2 protein chains.
Amino acid sequence: MIRAPEPGPRRGKATIEEVARAAGVSRQTVSNALNAPQRVRDATLARVMDAIEQLGYQPDSSARSLRTGERRALGYLAPADDPFDPNPLMGGFLEALVDAAGAEGFRVLLFRPAPGARDARAVLDEVIAARQVDGFVLSDVLEGDARVEHVARAGVPFVTFGRAEAPGGGAAAGGALPLSASWVDVDNAAAVEAIVAHLAGLGHHRVVYLGSETGLPWMKERRAGFRRAASAAGLERLESVAPLDDPAGVVAVAREALGRRPTAIVAESDSLALAAYEAVRSEGLAVGADVAVTGFGDAPVARVLHPGLTSVRLPLRAIAGEIVRRLVGQVRGEAGPAEGLSLAAELVVRESSGPPR
Amino acid sequence: MIRAPEPGPRRGKATIEEVARAAGVSRQTVSNALNAPQRVRDATLARVMDAIEQLGYQPDSSARSLRTGERRALGYLAPADDPFDPNPLMGGFLEALVDAAGAEGFRVLLFRPAPGARDARAVLDEVIAARQVDGFVLSDVLEGDARVEHVARAGVPFVTFGRAEAPGGGAAAGGALPLSASWVDVDNAAAVEAIVAHLAGLGHHRVVYLGSETGLPWMKERRAGFRRAASAAGLERLESVAPLDDPAGVVAVAREALGRRPTAIVAESDSLALAAYEAVRSEGLAVGADVAVTGFGDAPVARVLHPGLTSVRLPLRAIAGEIVRRLVGQVRGEAGPAEGLSLAAELVVRESSGPPR
DNA sequence: TTGTATGCGTTATCAT
DNA sequence: ATGATAACGCATACAA
């Protein structure tokens with residue numbers, strides 16, 4: 001038989017007062033036992049810890065937060081919907097972020113702009129004004145991102161996944177904010193360079209880049225990496241640009257790209273690589289044997305595809321770890337590493353990238 | 001120029017006291033203006049609201065929580081890693097959950113078991129003991145799920161995505177808990193039945209179910225739905241069972257299934273449908289024209305595939321909405337709907353399911 | 001080493 | 001309709 005849960009806020013959990021009574025000490029000593037154990041005699045400490053264990057006591061997070069000002073929570077603003085590419089990485093990154101935050105004693109508070117809201121500043125203001133978090137993690141950040149500027153202006157610690165500042169440019173004119181005081185990103189350019197190097201090493205000599213028409217910074221970096229590496233390796237280098245929101249159109253472009261008779265297709269994303277597969281097959285050719293295809297991101301589909309898709313895996317756990325490290329450092333007021341950090345992606349070679357026939 | 005953020009907990013945000021001073025009233029009146037506007041004279045109300053607006057005041061969430069006992073936060077225990085099928089739906093469900101919670105004035109607190117932890121009870125206890133949330137959303141729930149029992153025993157409100165109780169069985173023997181006091185789920189069986197009915201309507205007569213060897217309840221429901229609908233429609237009904245963790249093995253099974261010469265393949269998931277695509281193509285046949293293939297879940301890949309994959313779309317927004325409605329009802333102590341709710345998935349017909357040749 | 005007193009910002013009770 | 005007072009649970013400065 002189980003008793004019905006008590007009504008009211010407390011829900012029957014222990015308070016520091018009850019622990020103190022159980023251990024025969026003042027609540028002060030309990031607090032000390034938790035926050036400054038060295039100030040408590042061993043015997044007492046043991047007794048207190050025992051009572052704590054016994055009662056399953058943990059400080060009420062609200063009371064502690066009210067007193068200390070720290071929330072032990074990091075805010076993550078979930079990216080807006082993108083029906084075309086519901087960022088398959090977000091899930092993986094979020095998990096890594098939650099783990100990394102948890103290791104530092106922080107939880108992750110998730111929120112989104114109200115549906116239909118013009119931008120995210122309103123909800124950011126709510127979270128800030130209600131003091132629900134100690135800092136923010138902002139992802140999918142663009143150059144001159146309004147969210148970034150807003151949070152920076154509010155004086156709340158934050159770290160971005162991706163740089164909100166053009167690589168070359170420091171602070172802009174005027175009293176500009178240190179927008180990218182701390183960012184972590186995957187080295188998109190280097191990742192594509194690794195792909196191209198891999199292909200060049202296999203003997204490929206005519207390579208087409210299958211990209212999209214977005215101006216997203218990470219996409220631009222990938223393209224730049226392609227150009228650099230292909231030139232460096234002395235490859236014949238072609239480029240195709242696919243539309244954004246039209247699967248059929250994408251395949252059409254992929255077929256056109258294939259029509260230029262490359263020995264390899266370097267796709268900007270795994271989705272585009274999938275379109276390349278379709279194009280190659282529609283010509284009666286075999287991916288990997290007749291034409292090499294590579295992707296980007298190493299989405300789940302990369303493993304399931306046949307032949308398996310050569311791609312690059314984003315170091316999401318490392319990124320999340322570094323983001324949390326920096327953010328928690330800021331929260332604690334430490335003068336930690338303020339510069340940005342680019343992390344290398346890992347090339348995952350599968351059967352889609354064989355040598356040219 | 002921007003001033004450096006103030007140190008300390010307050011970070012320069014307004015308190016109720018400051019608002020009161022600015023409006024020339026007591027803090028009580030400010031509180032009333034916010035929580036019981038009808039008790040405040042219009043003129044005063046206007047003055048107070050003005051000051052609130054002016055100062056960008058919002059109640060400190062910790063102070064309010066300490067006083068009222070409500071956290072205005074819902075806890076979501078993120079599912080454990082599954083490298084084989086990193087639940088592509090989770091992202092979509094989470095977003096819907098955050099939106100639904102936000103509409104009710106709740107945030108979502110995300111957490112996971114410590115990496116390497118034997119089970120999730122420890123972290124649940126932490127969140128409960130620290131009173132960080134008003135209730136929990138538990139997903140991917142199994143029959144007799146330990147997490148469910150644990151939360152139920154703690155007397156904390158919760159709602160599950162999926163039923164933690166066998167469909168027929170009420171309370172078990174002894175003082176069993178009302179484990180599934182409130183659950184919401186997608187009607188897996190009905191969804192597959194809709195698929196089969198669709199195929200039967202097209203004239204298919206020999207159909208193979210491509211399933212996996214998991215005993216997960218939702219998978220069992222899908223299979224049951226297949227059997228029921230196929231029998232009802234008088235179809236020749238076959239079944240194949242794929243291994244879990246081996247893409248190559250999966251395709252082998254899919255080929256074997258195809259070897260039984262069905263006119264259509266009903267896959268248990270979109271991933272398995274992808275394997276079916278591979279099998280069909282490896283035989284030189286065309287998906288949709290020679291053999292119909294259907295999936296389950298309507299993952300992003302379903303749209304990108306060629307031909308587009310006929311699948312069923314999970315009503316994630318509706319599910320999240322119902323979950324939040326029930327959970328918030330419990331939190332508020334309303335005697336809301338305690339029974340479970342099965343929501344219909346939506347059949348999405350694409351080119352992969354043509355009539356038999 | 002331990003206990004006493006105070007305040008964090010808010011809301012509820014009660015008086016006016 | 002408004003204001004004074006108390007209390008939520010905790011941590012800290014200070015006294016013992």
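Residue numbers begin at 1 in each chain, while the letters A, B, ... track the order of the sequences. Values in this document were obtained by computation on a predicted structure and should not be read as measured data. Only this structure's heavy atoms are used, side chains among them; waters, hydrogens and symmetry mates stay out.
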Can you tell me if the side-chain N/O atoms of A:T44 get under 4.0 Å from OP1 or OP2 in C:dT2? yes

B:S139 side chain to B:Y76 side chain, donor-acceptor N/O pair below 3.5 angstrom: yes

Short N-O contact, A:E104 and A:R332, less than 4.0 angstrom: yes

Salt bridge A:R131-B:D60, side-chain N to carboxylate O under 4.0 Å: yes

Answer with yes or no whether the side chains of B:R72 and B:S65 bring together a donor and an acceptor at under 3.5 Å. no

Can you tell me how far C1' of C:dG9 sits from CZ of B:R71, to the nearest Å? 14 Å

Per-nt protein contacts along nucleotides 10-16 of chain C (heavy atom under 4.0 Å; B base, S backbone sugar-phosphate only, - none) come out as BBBB---

Check this for me: does any side-chain nitrogen of one of A:D99 and B:R112 sit under 4.0 Å from a carboxylate oxygen of the other? yes

Is A:T29 close enough to C:dG3 that one of its side-chain N or O atoms is under 4.0 Å from OP1 or OP2 there? yes

Mutual orientation of the aromatic rings belonging to B:F136 and B:F111 [parallel < 30°, tilted 30-60°, perpendicular > 60°]: perpendicular

Spacing between A:L45 atom CG and C:dT1 atom P, to the nearest angstrom: 11 Å

